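First the proteins, then the strands, lettered A, B, ... as listed; each starts at 1. Computed from a prediction, not measured in an experiment: that's the story for all the values here.
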There are 2 protein chains.
Amino acid sequence: MSTDETQARGRSATLSDVAKAAGVSIATASKALNGRDQVRAETRDRVLRAAERLAFSPNALAKGLLAGRTGTVGLLTSDLEGRFSIPILMGAEDAFGAGKVSVFLCDARGDAIREQHHVQALLSRRVDGLIVVGSSTDARSSLGRDLPVPVVYVYGPSEDPEDLSIVTDNVDAGRQAVEHLVATGRQRIAHITGDASYAAAKDRAAGVTAALADLGLPLVGDRVMFGSWNEAWGRGATRLLLERAPEVDAIVAGSDQIARGVLDALHELGREIPRDIAVIGFDNWAILATNSRPQLTSVDLRLEELGRLAAQRLFEAMDGDVRHGVESLQSRVVTRGTTTPSN
Amino acid sequence: MSTDETQARGRSATLSDVAKAAGVSIATASKALNGRDQVRAETRDRVLRAAERLAFSPNALAKGLLAGRTGTVGLLTSDLEGRFSIPILMGAEDAFGAGKVSVFLCDARGDAIREQHHVQALLSRRVDGLIVVGSSTDARSSLGRDLPVPVVYVYGPSEDPEDLSIVTDNVDAGRQAVEHLVATGRQRIAHITGDASYAAAKDRAAGVTAALADLGLPLVGDRVMFGSWNEAWGRGATRLLLERAPEVDAIVAGSDQIARGVLDALHELGREIPRDIAVIGFDNWAILATNSRPQLTSVDLRLEELGRLAAQRLFEAMDGDVRHGVESLQSRVVTRGTTTPSN
DNA sequence: AAACAGACCGAAAAGCTTTTCGTCACTGTA
DNA sequence: TACAGTGACGAAAAGCTTTTCGGTCTGTTT
């Protein structure tokens with residue numbers, strides 16, 4: 001068949017191909033496809049059909065080159081497991097609107113040089129903004145003030161107060177854990193948590209002790225039990241705790257992992273949960289929380305919401321509305337079987 | 001100070017700015033920066049210094065527009081947890097070489113429409129290729145044969161044998177699990193696994209039964225115990241199994257999650273691990289495997305390697321060396337305390 | 001009939017880089 | 001002296017889209 005589809009084989013169709021196929025100029029084709037007026041309905045139709053037929057998809061590179069905006073952002077993480085990054089990515093995708101903005105995900109693996117490398121690559125790709133996900137809630141070094149695009153730090157704040165950081169309020173999270181336990185009738189509360197060198201451990205512990213003090217309740221075991229972020233510590237600490245303070249009727253575990261260890265030890269020691277003793281964790285990590293016996297009540301740090309807010313702030317910053325400092329989000333308790341005798 | 005850095009405020013420097021600052025033409029500046037010859041050493045030096053001073057970073061959009069290659073690939077996933085995607089992403093990043101290629105990560109969340117949307121967005125961004133990560137090892141529908149860029153399916157294969165898929169050999173994985181148990185002295189082996197509608201469950205079970213048959217060993221419990229992919233099933237199935245066949249001395253669990261449930265139940269029933277009974281899982285998911293008591297021996301599905309290979313195949317396909325069909329990778333047993341009385 | 005308005009469309013520039021090819025000056029040679 | 005050859009550099013095109021502005025054509029008004 002003789003055809004005027006002169007589009008080269010393999011190359012995807014260009015606007016010029018569409019225009020030729022529809023028998024109009026490039027300018028008219030562009031206007032027709034972008035819903036501009038100044039195009040007769042019949043002409044627009046012809047162009048749209050041609051575009052459809054050729055599977056035309058406008059070249060975002062050319063568009064970005066022209067507009068100065070690429071509709072892409074970089075998400076820089078060091079979170080090897082994707083435990084934080086993925087929910088944050090999803091929240092960001094939601095906020096941006098699917099398809100409107102695409103996200104470059106880069107994993108620096110904790111290596112500053114690799115991170116610098118990635119930043120360079122992202123800037124040369126002309127991302128419209130950068131989201132930096134911390135590997136912990138501890139403050140991390142800033143990417144610097146002189147980047148040509150806005151940056152939002154998430155989960156772990158930047159050390160530079162001039163930067164904008166979006167974090168979960170971990171002190172409040174600790175407080176909420178205690179308040180939930182008290183609301184479900186507990187009075188003798190202990191706290192087993194992770195490595196004291198982590199801000200997450202310190203902050204949650206501060207919230208726990210402050211809430212207990214406010215309520216006039218003791219911290220059972222006399223002090224916060226700092227240790228490591230794993231199940232083994234949860235088990236060991238629980239055994240120690242029950243020896244020293246067998247009257248304990250609730251344990252705030254510093255993470256869901258620790259909580260799993262706590263539950264394990266409690267089972268072994270013959271305590272029934274939640275009748276004899278309640279347990280609450282942090283992170284609300286489904287794989288851990290919904291598979292324990294009973295299912296684990298946990299403080300959800302609202303990572304998707306963090307991502308959504310970060311994306312929104314990034315948008316605002318692109319439009320010139322730049323903010324500074326740390327913005328905190330409240331966490332929220334997700335109630336399951338370890339604190340309430342549901343099913 | 002009077003300056004010839006006429007680069008507009010805020011806009012990042014362009015090659016034209018550099019050329020002006022160095023007092024040469026754009027063409028010469030380009031050649032100097034890209035190591036082309038036909039540039040005098042002194043001139044090259046001047047250009048390099050100017051570029052440094054202006055923090056010049058070449059616009060990848062313009063380069064991509066010209067070259068027809070963008071140095072970007074799309075990674076399309078439906079794996080909400082990032083459990084498969086992140087290791088695969090990291091493997092791919094490794095293979096591409098950090099900074100040379102950037103990865104768009106898109107999560108379709110199991111929604112075909114959203115997926116189509118993302119594919120469109122990626123194509124309009126002119127990615128050089130696509131990696132599709134399945135949400136399970138079951139075959140998934142193909143993106144189609146008429147895409148303008150090569151596609152590699154990872155973890156779960158495409159239904160279309162014309163596509164290239166890179167997967168772990170789950171039958172072999174099941175076989176390896178049995179062989180490891182036998183090598184460590186077990187003879188009475190049972191298999192508790194997930195939902196029989198999943199290819200992963202069926203394949204691993206096939207490998208287990210085939211290996212047992214080859215070795216002339218019985219499948220303890222008489223049949224594969226299919227159920228669900230969670231700890232509760234692992235616990236329940238273990239209790240059932242020990243009632244029916246108390247002589248069992250090893251359990252192949254269909255996943256690390258199930259294995260955790262198995263371990264839990266075995267503890268409750270007073271069996272000592274690995275003295276009385278050994279347990280092996282699949283996935284080698286660190287958070288589960290290294291936190292159990294004892295630590296869990298598991299079959300590693302080598303996701304990073306999968307990602308690396310996918311990236312490599314994608315590269316080859318970009319260069320015209322297109323392959324078809326399913327390429328299988330062997331898994332590998334990671335030995336820990338539930339099969340060998342180490343520490 | 002002449003001028004005008006309005007609707008529709010096309011030419012061209014801008015955005016940035018790479019590459020090709022042409023230009024220029026200079027050196028060595030016939 | 002004239003010429004070819006060479007080394008260094010610049011002009012310009014290509015890659016694709018959007019937008020502005022000017023042009024054409026039809027129909028209307030005085």
Side-chain angles (χ1 to χ4, degrees), chain A residues 6-8 10-48 50-51 54-72 123-128 148, chain B residues 6-8 10-48 50-51 54-71 121 123-128 148:
Chain A
T6 39
Q7 171 205 351
R11 296 284 313 108
S12 53
T14 149
L15 183 58
S16 160
D17 297 325
V18 175
K20 208 171 298 174
V24 298
S25 76
I26 297 183
T28 304
S30 173
K31 281 181 278 197
L33 290 170
N34 291 318
R36 295 245 155 293
D37 43 5
Q38 304 185 327
V39 179
R40 208 173 11 158
E42 191 266 338
T43 309
R44 182 187 308 278
D45 230 56
R46 209 145 30 94
V47 172
L48 287 175
L54 297 175
F56 171 71
S57 161
N59 187 324
L61 298 179
K63 209 182 296 194
L65 187 56
L66 190 60
R69 279 212 182 178
T70 55
T72 60
L123 290 181
S124 84
R125 300 227 141 82
R126 294 300 186 270
V127 293
D128 295 332
Chain B
T6 40
Q7 172 205 347
R11 296 282 315 109
S12 53
T14 148
L15 183 59
S16 160
D17 297 325
V18 174
K20 209 171 298 173
V24 298
S25 76
I26 298 182
T28 304
S30 172
K31 281 181 277 197
L33 290 170
N34 291 318
R36 296 245 154 293
D37 42 7
Q38 303 185 326
V39 180
R40 210 171 13 156
E42 191 268 339
T43 309
R44 182 188 306 279
D45 230 56
R46 209 145 29 96
V47 172
L48 287 175
L54 297 175
F56 170 72
S57 159
N59 187 323
L61 298 179
K63 208 183 296 197
L65 187 56
L66 190 60
R69 279 214 181 174
T70 55
L123 290 181
S124 82
R125 301 226 142 81
R126 293 299 187 268
V127 293
D128 295 332

Return the value, rounded to whole Å, for the distance between atom CG of Asp45(B) and atom C1' of dA8(D).
16 Å

Would Ser16(B) and Thr14(B) count as having a side-chain donor-acceptor pair, cut-off 3.5 Å?
no

Might you confirm whether atom CZ of Arg36(A) has over 12 heavy atoms from other residues, nucleotides or ligands at distances under 6.0 Å?
no

Please state whether the phosphate of dT18(D), meaning OP1 or OP2, lies under 4.0 angstrom from any side-chain nitrogen or oxygen of Ser30(A).
yes

So, is Arg36(B) near the phosphate of dT18(C), with a side-chain N or O under 4.0 Å from OP1 or OP2?
no

Between dT17(D) atom C1' and Arg69(A) atom CZ, what is the distance in whole Å?
18 Å

Could you give the CD-to-C1' distance, from Gln38(A) to dG22(D), as a whole number of Å?
12 Å

Ser16(B) vs dT17(C): side-chain N/O to OP1/OP2 distance below 4.0 Å:
no

Given that Phe56(A) and Gly23(B) both sit by DNA chain D, which one's nearest nucleotide is further toward the 5' end?
Gly23(B)

Quick one: pull up OG in Ser12(B) and CZ in Arg126(A) and give me the separation to the nearest 0.5 Å.
3.5 Å

How many Å lie between CG on Leu66(B) and P on dT20(C), as a whole number?
10 Å

Just to confirm, is there a sub-4.0 Å distance from OP1 or OP2 of dG15(D) to any side-chain nitrogen or oxygen of Thr14(A)?
no

Interatomic distance where CG belongs to Leu54(B) and P belongs to dT17(C) [whole Å]:
12 Å

Base of dG15(C), side chain of Lys63(A) - is there a donor-acceptor contact under 3.5 Å?
no

Output for pair (Asp45(A) CG, Glu42(A) CD), nearest 0.5 Å, gives 7.5 Å

Between Asn34(B) and dT18(C), is there a side-chain N or O to OP1/OP2 distance below 4.0 Å?
yes

So does Arg40(B) get a side-chain nitrogen or oxygen closer than 4.0 Å to the phosphate oxygens (OP1/OP2) of dG7(D)?
no

Using atom NZ of Lys31(A) as one end and atom P of dT20(D) as the other, report the distance to the nearest whole Å.
10 Å

So what does Ile26(B) touch, heavy atoms closer than 4.0 Å: a base, only the sugar-phosphate, or nothing?
base

Side chain of Ala62(B) only, please: which of dC16(C), dC9(D), dT17(D) is the nearest?
dC16(C)

Within this structure, what is the CG-CG distance for the pair Leu66(B) and Leu65(A), rounded to the nearest 0.5 Å?
11.0 Å

Thr28(B) side-chain N/O to dA8(D) phosphate OP1/OP2 under 4.0 Å:
no

Whole Å only: how far is the CZ atom of Arg125(B) from the P atom of dG15(D)?
23 Å

What is the distance, rounded to the nearest whole Å, between atom NZ of Lys20(B) and atom P of dC9(D)?
19 Å

